[in-house]
Protein chains: 2
Amino acid sequence: MSVDAPFPLAAACCAPLVGRPLTAGEATDLSRVLKAIADPARLRLLSLVAAHAGGEACVCDLTEPLGLSQPTVSHHLKVLVDAGLLSRDKRGVWAYYALVPGALDALAGVLTTAGTADGALPSSAC
Amino acid sequence: MSVDAPFPLAAACCAPLVGRPLTAGEATDLSRVLKAIADPARLRLLSLVAAHAGGEACVCDLTEPLGLSQPTVSHHLKVLVDAGLLSRDKRGVWAYYALVPGALDALAGVLTTAGTADGALPSSAC
DNA sequence: CCGGCGCATCGACGTCCGTCAATCTCGTTG
DNA sequence: CAACGAGATTGACGGACGTCGATGCGCCGG
């Protein structure tokens, strides 16, 4: 029951954080996604998945580089999936995780102080 | 004693998160800055300071919009200053907080999956 | 059909975090 | 010099979070 909003990033998107004060709801939604990546283990998981061959990796490929137990890695992966940053694809016995295209870029766009007036975000963000 | 690294963003900078696996130290440094903004109250503080006239605001301007007590607001501001995202300028009795230029953009650059190959970060990031 | 393997879930424990009331410091003002 | 006000610090409390061992669930090979 640790997840109530399946994709809070969608609500946090298009809220530039700089330029106008965030409402309490916008801040809560955005903080939900930021909390998902504000952890060393989950940051390393994201980079490990992104750097893996084919852009996807299974749990067994991630436990050893992190030095964490398999249930802990599975828990962190679930947090990232619930935040809309990773996708899960179960093929046979293995579960392959991959980056959701545009998710991290949308987050970066929210933090950018340039005001989204330049070409930093082509079309995948909103 | 809650702060040991005065500017962990400097170490986390130029670590793209995507493209090569993060080391444990890089992930810890980056998570330190992300934890600073992964809070609804601190996100609203950042947007309130940025949207305030002159780009700076004192504590008395921030307690009422947030609905939090003065010590709590002061605590959150200290966290943001320690993370290198806000600057504190005490003039007389009042303490004025302002955004550190380029800090949020550097964070956004770390999250961007484009590989810093485009013109998203002009020159202030690294 | 059954044993093994990959992964998710559950329950528990220790720690960290957000919040507040109370207090302290220190410029400003009368 | 004394009183006031803005802000920082302290101590304490409740809840959330990260981690693990044990267990449950599906899929595959013998």
Side-chain angles (χ1 to χ4, degrees), chain A residues 1-5 8 24 27-28 30-46 48-49 52 56-83 86-98, chain B residues 1-5 8 24 27-28 30-46 48-49 52 56-83 86-98:
Chain A
M1 67 294 284
S2 62
V3 48
D4 38 74
T28 301
L30 182 52
S31 72
R32 222 186 297 269
V33 187
L34 288 174
K35 278 180 191 294
I37 64 172
D39 184 87
R42 290 196 283 267
L43 284 173
R44 297 187 71 190
L45 277 177
L46 285 176
L48 282 171
V49 168
H52 204 264
E56 58 181 9
C58 60
V59 181
C60 58
D61 295 330
L62 304 169
T63 50
E64 309 138 27
L66 261 74
L68 295 176
S69 66
Q70 176 265 321
T72 302
V73 173
S74 217
H75 162 67
H76 285 313
L77 288 172
K78 175 177 170 52
V79 172
L80 291 171
V81 169
D82 289 341
L86 283 185
S87 63
R88 195 180 93 109
D89 178 33
K90 183 149 192 175
R91 293 201 296 267
V93 185
W94 292 273
Y96 291 92
Y97 290 86
Chain B
M1 64 294 287
S2 63
V3 49
D4 38 75
T28 301
L30 183 52
S31 72
R32 223 187 296 270
V33 188
L34 287 174
K35 279 179 190 295
I37 64 172
D39 183 88
R42 291 195 282 267
L43 284 173
R44 297 187 71 189
L45 277 177
L46 285 176
L48 281 171
V49 167
H52 203 263
E56 59 181 10
C58 60
V59 181
C60 58
D61 295 330
L62 303 170
T63 50
E64 309 139 26
L66 260 75
L68 296 176
S69 65
Q70 176 264 322
T72 302
V73 173
S74 216
H75 161 69
H76 286 313
L77 288 171
K78 176 178 170 53
V79 173
L80 291 172
V81 169
D82 290 340
L86 282 186
S87 62
R88 197 180 92 108
D89 178 31
K90 182 149 192 176
R91 294 198 297 266
V93 186
W94 291 273
Y96 291 91
Y97 290 86

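Not measured: the values here are computed from a predicted model. Here is the naming used below: chain letters follow the sequence lines, and residue numbers restart at 1 for every chain.
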Could you tell me whether the phosphate oxygens of [N], OP1 or OP2, come under 4.0 Å of any side-chain nitrogen or oxygen in [X]?
X: B:Tyr96; N: D:dA6; value: no
X: A:His76; N: D:dT19; value: yes
X: A:Arg88; N: C:dC7; value: no
X: B:Thr72; N: C:dC20; value: yes

When rounded to the nearest 0.5 angstrom, what is the spacing between [atom1] in [X] and [atom2] in [Y]?
X: B:Glu56; Y: B:Trp94; atom1: CD; atom2: CH2; answer: 13.0 Å
X: B:His76; Y: B:Tyr97; atom1: NE2; atom2: OH; answer: 12.5 Å
X: B:Ile37; Y: A:Leu30; atom1: CD1; atom2: CG; answer: 7.5 Å

How do A:Cys58 and A:Lys35 order along DNA chain C: which one's closest nucleotide is nearer the 5' end?
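With A:Cys58 and A:Lys35 compared, the 5'-side residue is A:Cys58.
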
Which heavy atom of [X] sits nearest to which heavy atom of [Y], and what is that distance?
X: A:Ala38; Y: B:Ala38; result: CB-CB, 4.0 Å
X: A:Thr28; Y: A:Ser31; result: O-OG, 2.8 Å
X: B:Ala36; Y: B:Leu80; result: O-CD2, 3.7 Å

Report, one pair per line, the protein and nucleotides 28-30 of chain D atoms (nitrogen or oxygen only) whose separation is under 3.5 Å.
none

Roughly, in whole Å, what's the span from [atom1] in [X] to [atom2] in [N]?
X: A:Glu56; N: C:dC7; atom1: CD; atom2: P; value: 12 Å
X: B:Asp39; N: C:dC16; atom1: CG; atom2: C1'; value: 13 Å
X: A:Glu64; N: C:dC7; atom1: CD; atom2: P; value: 11 Å
X: A:Tyr97; N: C:dC7; atom1: OH; atom2: P; value: 8 Å
X: B:His75; N: D:dC13; atom1: NE2; atom2: C1'; value: 14 Å
X: B:Asp82; N: D:dA8; atom1: CG; atom2: C1'; value: 13 Å
X: B:Leu62; N: D:dG7; atom1: CG; atom2: P; value: 9 Å
X: A:Ile37; N: D:dG18; atom1: CD1; atom2: C1'; value: 17 Å

Pair A:Asp39, B:Leu34 - check side chain to side chain contact (heavy atoms under 4.5 Å, CB included), show working.
CA-CA 8 Å; A:Asp39 184 87; B:Leu34 287 174; over 6 Å; no

For nucleotides 21-24 of chain C, list the nitrogen or oxygen atoms of the protein found under 3.5 Å from its nitrogen or oxygen atoms, one pair per line.
none

Using a 3.5 Å distance criterion without hydrogens, assess whether the side chain of B:Lys90 forms a donor-acceptor pair with backbone atoms of B:Ala95.
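The answer is no, because no donor-acceptor pair under 3.5 Å joins these two groups.
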
Going by atom type alone, with no hydrogens or angles, which donor-acceptor pairs under 3.5 Å involve a side-chain atom of residues 63-70 of chain B and a protein atom two or more places apart or on another chain?
from    : atom 1 : to      : atom 2 : distance (Å)
B:Ser69 : OG     : B:Thr72 : OG1    : 2.9

Among the nucleotides D:dG7, D:dA8, C:dG18, which one has an atom lying closest to any side-chain atom of B:Ser74?
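Selected nucleotide: D:dA8.
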
Residue whose closest nucleotide on DNA chain D lies nearer the 5' end, A:Leu68 versus B:Val73:
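Nearest-nucleotide comparison on DNA chain D picks B:Val73.
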
Within 45° of the ring axis of A:Tyr96 and under 6.0 Å from its six-membered ring centre, is that where the NZ or CZ of A:Arg88 lies?
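No; the conditions do not both hold, so A:Arg88 does not lie above the ring face of A:Tyr96.
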
